[in-house]
Amino acid sequence: MEHRYDHVTIEQKWQARWAADRTFRVLNPGDDGFDPSKPKQYILDMFPYPSGEGLHVGHPIGYIGSDIFSRYMRMKGANVLHPMGFDSFGLPAEQYAVETGVHPRVTTEQNIANYVRQLKSIGLSYDWDRELATTDPGYYRWTQWIFIQLFESWFDPALGKARPISELIAALEAGETDAAGVPWSDLDGEAQRSFISGMRLAYLDDVMVNWCPALGTVLANEEVTREGKSDRGDHPVYRRPLRQWMLRITAYADRLIADLDLVDWPEPVKAMQRNWIGRSHGASIGFPIDDSDHRIEVFTTRPDTIFGATYMVLAPEHSLVESLVVPDWPDGTKEVWTGGAAAPSEAVADYRNRASRKSERERQTEGKDKTGVFTGSFCVNPASGERIPIFIADYVLMGYGTGAIMAVPGQDERDWEFAEQFELPIVRTVQPADGFDGDAYLGDGPAINSGFLDGLGVDDAKTRIIEWLEAEEYGAATISYKLRDWLFSRQRYWGEPIPILHGPDGEMRAVPDEDLPLLLPEVEDYRPASADQEDAVPVPSLGKAPDDWRFVKIEGVVWERELNTMPQWAGSCWYYLRFIDPGNSDRLVAEEAERYWMGDSGVDLYIGGVEHAVLHLLYARFWHKVLYDLGEVSTGEPFGRLFNQGLIMAHAYRDERGVYVPADEVEERDGGFWFDGQSVEQSYGRMGKSKKNGVNPDEFFVDHGVDTLRLYEMFMGPLSEAKPWTTRDVVGVERFLQRFWRNFVDPDTGDLLISDTPADEELRGLLHRTTKSVTDDMAELRFNTSVARFFELNNALVGLDSIPLEVADVFVRLMAPIAPHVAEELWERMGGDGSVCFADWPAYDESLAAEESVTMVVQVGGKIRDRIEVPVGISSDEAQQVALASDKVAGHLDGEPTRVIVRPPNLVNIVP
RNA sequence: GCCGGGGUGGCGGAAUGGCAGACGCGACGGACUCAAAAUCCGUUGGGCGCAAGCCCGUGUGGGUUCGAAUCCCACUCCCGGCACCA
């Protein structure tokens with residue numbers, strides 16, 4: 001009784017020891033005691049937003065995975081950087097402040113303290129000396145500094161990289177280059193400023209924003225769901241034109257795609273990023289406007305179909321629309337083109353008005369029902385020479401390509417639908433395949449009705465028409481992207497202030513370095529200046545800051561501070577760099593430390609959820625590339641290897657009213673589920689407080705133990721897969737740990753049951769096989785099968801009077817990464833040297849790992865007919881003889897075999 | 001619609017061209033116990049058979065191969081992402 005496995009005492013003892021000894025502190029190059037001969041491993045978790053709810057058992061599965069890998073790498077002799085911090089700017093703390101008046105800083109600090117406590121209680125081997133939070137002024141000072149670098153840089157297309165804007169200005173002033181064709185000296189001060197502003201990587205622009213009145217802020221495209229709701233809170237979002245800060249991520253589109261080939265990431269994440277960037281090859285073509293010198297530029301991926309362009313469509317917001325509207329409907333105008341209006345101006349105004357009120361969602365759900373009106377103007381198809389009508393329609397999006405299309409109904413489904421509805425001509429320019437009976441034909445085939453293209457396949461026709469367009473100066477080959485510049489302003493309080501000053505004449509300057517960090521001002525009222533109607537106008541919360549913050553006098557002139565704050569993604573764009581050197585007040589990261597820890601390919605292992613595939617991971621890559629171009633970091637990519645852990649799912653139960661009931665009190669019987677005497681319905685999804693199916697880790701640790709949680713979560717299945725939490729199954733690993741302990745420790749005396757008698761051959765073979773198997777699993781993060789191997793080895797020890805020392809020593813070390821507390825305790829009792837965390841990872845002997853004899857399978861015609869024990873080293877001839885001598889084989893074989901396949905020592909297949 | 005991932009016992013899963021179902025849960029039988037819990041031992045894919053043994057079996061259909069859960073083709077269902085992107 002006295003000496004049973006007491007997980008609570010053991011786990012608390014070792015967590016206290018690790019904290020007191022700073023066991024997991026890791027040194028930087030240059031620090032006293034740093035060992036440069038060791039290889040480095042930078043193993044990183046996606047840091048959390050510290051929510052008020054704290055962690056449930058589903059959250060840390062990725063942290064446990066990275067912790068095991070970190071502990072394994074330490075034992076392999078690496079310097080391991082394994083830090084943790086908090087992404088602590090964000091809406092929940094601010095919303096709480098709105099409701100209660102409690103400063104977000106206070107809430108954030110409390111939540112972080114709770115997270116740290118919970119994370120420590122999981123036994124995660126972080127170097128807590130490097131803890132950081134994005135809300136620390138010492139941290140966001142550098143977030144602001146990076147923003148200023150973006151503001152002070154431009155993307156030089158000739159070099160394909162960012163450069164200081166001062167170099168552009170110098171070149172312009174020296175006359176080495178000009179401003180988009182205009183000599184620099186011909187521009188006045190205002191025009192010069194405007195040109196420079198248009199070149200910066202961080203710039204102000206009038207853009208269509210996603211305005212969310214309920215949140216009181218605008219949102220990035222990435223933060224709006226396909227239903228046209230806010231990603232956070234699910235509030236309605238409206239389109240508004242507004243002057244906002246933008247980051248020129250589009251300049252990096254090609255590099256962001258190309259460099260995906262350099263990183264070891266899950267293919268789905270790479271695919272999502274490629275898809276999000278959406279690079280497509282095509283041509284831009286200018287269609288001359290009838291009776292005008294102007295042209296309408298379109299982008300198309302199918303220039304080969306130009307002879308079939310029978311009309312043209314502009315997005316309703318297109319800037320040329322006004323100039324295209326004619327006073328009266330021209331001859332040939334069909335009734336359906338007019339939208340019932342008496343004149344084009346009325347029809348267009350009306351249509352634009354309605355389109356601007358539609359949400360993204362409404363535009364999308366219209367699907368096949370196309371809407372639009374005729375502008376009254378025509379342009380000329382440069383290939384066919386036909387005069388074709390110009391429409392506006394909201395199925396053409398302003399944000400992609402040029403906001404205008406040549407409509408080719410014969411080869412485009414959307415154009416087909418529009419043409420049918422608006423009674424426009426349809427001309428096929430690709431001969432459909434035999435048997436095709438659909439509408440628009442998207443496949444390959446010879447060109448028809450296409451003049452000099454006739455007979456060419458799609459690819460050849462594309463090449464030919466682009467040559468012609470370039471020769472005739474109607475257009476050129478182009479590449480278009482779905483990716484748009486990153487909208488970087490938010491009107492909320494709890495974010496990094498954008499460190500920019502606005503002068504009286506509209507000029508801008510960065511806050512000087514010595515004034516950083518630009519601290520968030522104190523305000524009395526955290527409420528965003530929002531209203532519940534969509535008509536409200538976005539107003540930054542920092543407008544409520546005191547005047548001595550808002551206005552700055554420089555050399556007698558009053559400058560006004562930028563009032564927008566940065567989005568939550570800002571802080572997480574570079575935190576992995578700060579972990580390397582979190583206390584540095586001179587640089588965002590010291591050069592030598594950065595070079596050491598980022599090595600050739602950046603972070604060695606980055607574990608986190610797949611939900612960040614296009615947001616955080618794309619933004620961070622973008623910032624990293626800018627910093628790389630500016631010489632601040634030494635690698636082209638931040639995260640060399642990425643791993644997505646799967647969610648822990650759980651069953652939830654609802655009663656007849658649809659109200660969730662506590663999942664841990666539901667009983668299963670008679671083929672149904674019951675709570676408090678009534679039948680409840682089972683569903684399956686993410687764990688969460690609202691579904692009453694979360695499992696609280698604090699309670700779990702008391703009842704079952706931390707090592708049990710770690711073993712269970714790793715044993716559930718592959719780390720990358722979503723898996724259901726089943727409390728019932730926990731007992732398996734719990735039993736294992738108790739049996740493991742009993743194998744080592746006499747329950748009556750507390751004596752170690754270890755002797756130095758050697759292991760017998762069978763046990764020694766199993767030990768080496770286990771070591772080999774677990775070692776192989778570690779590199780691939782296949783911890784589920786490692787745990788299974790532990791069970792097997794453990795079962796082989798049951799019933800022995802004592803464990804051979806060679807087995808005990810290796811077993812404890814193998815267990816140390818996954819179940820570190822019990823491993824430390826046994827290691828100490830066994831008289832191990834120092835912490836087991838730095839013991840050598842066990843080696844194995846390949847020849848001992850091989851089994852002495854194996855079961856050879858004998859097949860006849862591919863069906864198993866016999867199993868024979870044979871020595872491992874059996875020769876092909878011997879194996880064949882043994883197999884053919886089998887009685888069981890003889891019964892299934894009449895006559896001589898036609899062929900015998902021999903794969904010693906595993907298999908002989910006799911083909912009759 | 002497009003892109004990506006997946007379908008294996010009652011359940012979680014193992015096996016990536018060579019013994020399908022490792023390991024665990026559950027279930028069943030047994031030991032210990034006055035009894036229960038805990039613990040320990042055994043059985044456990046389905047079917048036929050007293051047994052030896054035989055047949056079937058990895059979503060469906062086909063193919064490659066001496067041999068396929070694994071590779072190829074077609075289909076189907078489930079999950080994730082994107083979606084009027086010209």
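Letters A, B, ... mirror the listed sequences (proteins, then strands); counts begin at 1.
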Say you pick atom [atom1] in [N] and the same atom in [M]; how far apart are they, in whole Å?
N     : M     : atom1 : value
B:C2  : B:U65 : P     : 32 Å
B:C19 : B:C25 : P     : 26 Å
B:G5  : B:C66 : P     : 30 Å
B:G45 : B:A35 : C1'   : 36 Å
B:G30 : B:A37 : P     : 14 Å
B:G21 : B:C84 : P     : 49 Å

Between atom [atom1] in [X] and atom [atom2] in [N], what is the gap in whole Å?
X        : N     : atom1 : atom2 : value
A:Phe715 : B:C25 : CZ    : C1'   : 9 Å
A:Asn909 : B:G17 : CG    : P     : 18 Å
A:Lys270 : B:C3  : NZ    : P     : 19 Å
A:Ile864 : B:C54 : CD1   : C1'   : 14 Å
A:Met716 : B:G13 : CE    : P     : 8 Å
A:Tyr684 : B:C78 : OH    : P     : 16 Å
A:Gln738 : B:A37 : CD    : P     : 17 Å

So what does [X] hit on the nucleic acid, given a heavy-atom distance under 4.0 Å: a base, only sugar-phosphate, or nothing?
X        : value
A:His892 : sugar-phosphate
A:Thr301 : sugar-phosphate
A:Pro266 : nothing
A:Gln859 : base
A:Asp415 : nothing
A:Asn795 : sugar-phosphate

- [ ] Answer yes or no on whether A:Arg621 is positioned over the face of A:Trp265, meaning its NZ or CZ is under 6.0 Å from the six-membered ring centre and within 45° of the axis.
- [x]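 Because its charged atom sits under 6.0 Å from the ring centre and within 45° of the axis, A:Arg621 does stack over A:Trp265.
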Open item on the list: Is it true that, when you exclude A:Glu413 itself, more than 12 heavy atoms of the residues, nucleotides or ligands shown sit nearer than 6.0 Å to its CD?
Closed with: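 Not buried by this count: 12 neighbours or fewer within 6.0 Å.
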Open item on the list: Centre-to-centre under 6.0 Å for A:Trp725 and A:Tyr712, is that the case here?
Closed with: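 Yes, they do, as the ring centres are separated by less than 6.0 Å.
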- [ ] Look at the side-chain N and O atoms of A:Arg735 and state whether any lies under 4.0 Å from the OP1 or OP2 oxygen of B:U39.
- [x] yes
TODO: Can you check whether any acceptor in the base of B:C19 is under 3.5 Å from a donor in the side chain of A:Arg867, or vice versa?
DONE: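 Looking at the base of B:C19, it does pair with a donor or acceptor on the side chain of A:Arg867 (distance under 3.5 Å).
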Open item on the list: Is there, by distance only and without an angle test, a donor paired with an acceptor across the side chain of A:Arg903 and the base of B:G18 below 3.5 Å?
Closed with: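 In this structure, the two groups form a donor-acceptor pair.
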- [ ] Hey, could you give me the CG/NE2 distance between A:Leu737 and A:His7, rounded to the nearest 0.5 Å?
- [x]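 It comes to 9.5 Å.
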- [ ] Choose from B:G13, B:C84, B:G24 the nucleotide whose nearest atom is closest to any side-chain atom of A:Pro718.
- [x] B:G13
Open item on the list: Please name the nucleotide paired to B:C84 by Watson-Crick or G-U wobble geometry with both distances under 3.5 Å, or report none.
Closed with: none
Task: Base partner of B:U43, which must satisfy Watson-Crick or wobble distances under 3.5 Å - done: B:A27
TODO: Could you tell me how the ring of A:Phe736 sits relative to the ring of A:Phe790: parallel (under 30°), tilted (30 to 60°) or perpendicular (over 60°)?
DONE: parallel
